[in-house]
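Numbering of ligands and ligand atoms starts at 1, following listing order.
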Amino acid sequence: MKKPERVLLAGGRVVDPGNRRVRIWDVLIQDGRIAKVGKQLRATGAQRIDCRGKHIAPGFIDMHCHLREPGQEDAETIATGTKAALAGGFTKVCPMPNTDPPIDSEALVRFELARAKEAGFARVYPIGSCTKARAGKELAEIGSMKQAGAVAVSDDGSWVDDPQVMRRVLEYCKAFDLPVISHCELTGFPYGVANEGLVSTRLGLAAGPDVSESAAAARDILLAEFTHARLHIAHVSCAATVSLIRWAKARGVQVTAETCPHYFTLTDAALETFDTNFKVNPPLRTDKDRQAVIDGLADGTIDAIATDHAPHTKSAKEVEFDIAPAGFIGFETAFSLGYEQLVLAKKLSLADYVSRMTTAPARILGLPMPCLQPGADADLVILDLKARWTWTRDQVFSRSQNSPFFGRQLHGRVIGGFLGHKQFWFLHPA
Ligand SMILES: [Zn+2]
Ligand SMILES: [Zn+2]
């Protein structure tokens, strides 16, 4: 990273997700801000970067990831995770609080922010726990965590099982205008490494039914309606949850939702490889669910795309399927998978796709609206949509390498970007 003074991004196609437009424009960056945007700008003395044939978009926001610090620094740190995030085009990330110890106090929120600032890669907007130690019993220090910079609360990794506790979390967060992010998974069902269905039966894998997710989502949607609070449903994976959210939005419930690239890219058929990298929670579902998730993104029922980036060390994943930890790293492949499955497949326009990773999470979390207008912070990514590339282990920025997508041909690529005074480039030899 170096410090540019004035930089002219010349001739790129500028994606404006707020106005759902793409235009060929120059962008002049000065002192970490966007100084001018327009046709054929003159900027004598500026560093000129030829962006013809490339796209320029606001930096992406990942509203759901795991950076593992504090506690599991052998899998990821805030520094390695935020660098991997930049490589995927995410200039802002929201780490979930299921670290060790969990982020349930003002001091721990401040710790995360300080580590992120020191690292100087993607900006971090912490998510605090709903309950102390994520134990689901007593409320965490929600007010002081918000004061310190937390943008939402969640006990991600677990569902807040006790309805009275969840009601109090929602009521409390309403007073602070914070969204409550629910990891919807009923307790009591056997923990499924796979979706309960034909594939799990054939392979003999421990399976959990999709109703575990949808029934949990139904309770939380009704509690959000009852308390008039803001609920956000994490990692929507099945058709029934999409229908419930659509129903709730039509009723005026303040509910938003996210899904992850793997739920619109893969199905449980991938488990036939017995590769533990395909194990994720919630599990990969059927093709009917995958289509429903895509339809939910297309009609706005699902607001945002998040990665649920979940690093695990090699030794943790190299065990039997039933005991391997769930989740895989997601920053560095997210944009390409969505571009392939949603834009090239003609389900979403490019501007609408970009909005799912920029304006939508910003609106949910109350962050400044991502845009490329004069006066805005220089916070943007440069994309090569014509790129065809294969992701290999030697390209990984994350400290962990648990991904099912090595060797897969990917479409469209983040090649670099700007964040304040810094420019970053991740052009790997193709
Ligand atoms: Zn979760
Ligand atoms: Zn998660």
Test of ring centre spacing under 6.0 Å for H309 and F90: no
Evaluate the ring planes of Y339 and F335, with Trp represented by its six-membered ring, and classify them as parallel (under 30°), tilted (30 to 60°) or perpendicular (over 60°). parallel
Of all the N, O or S atoms in D308, which has the shortest distance to the Zn ion (ligand 2)? OD1
Which atom of H64 approaches the Zn ion (ligand 2) most closely (N/O/S): NE2
If the cut-off is 2.8 Å, does any N/O/S atom of H235 fall short of it from the Zn ion (ligand 2)? no
Restricting to N, O or S atoms, which atom of D156 is closest to the Zn ion (ligand 1)? OD1
Please check: side-chain N/O of R68 versus main-chain N/O of D74, any donor-acceptor pairing under 3.5 Å? no
Is the Zn ion (ligand 2) less than 2.8 Å from at least one N/O/S atom of H183? no
Does the gap between the ring centers of F331 and F397 come in under 6.0 Å? no
Taking the side chain from W389 and the backbone from Q409, do they hold a donor-acceptor pair closer than 3.5 Å? no
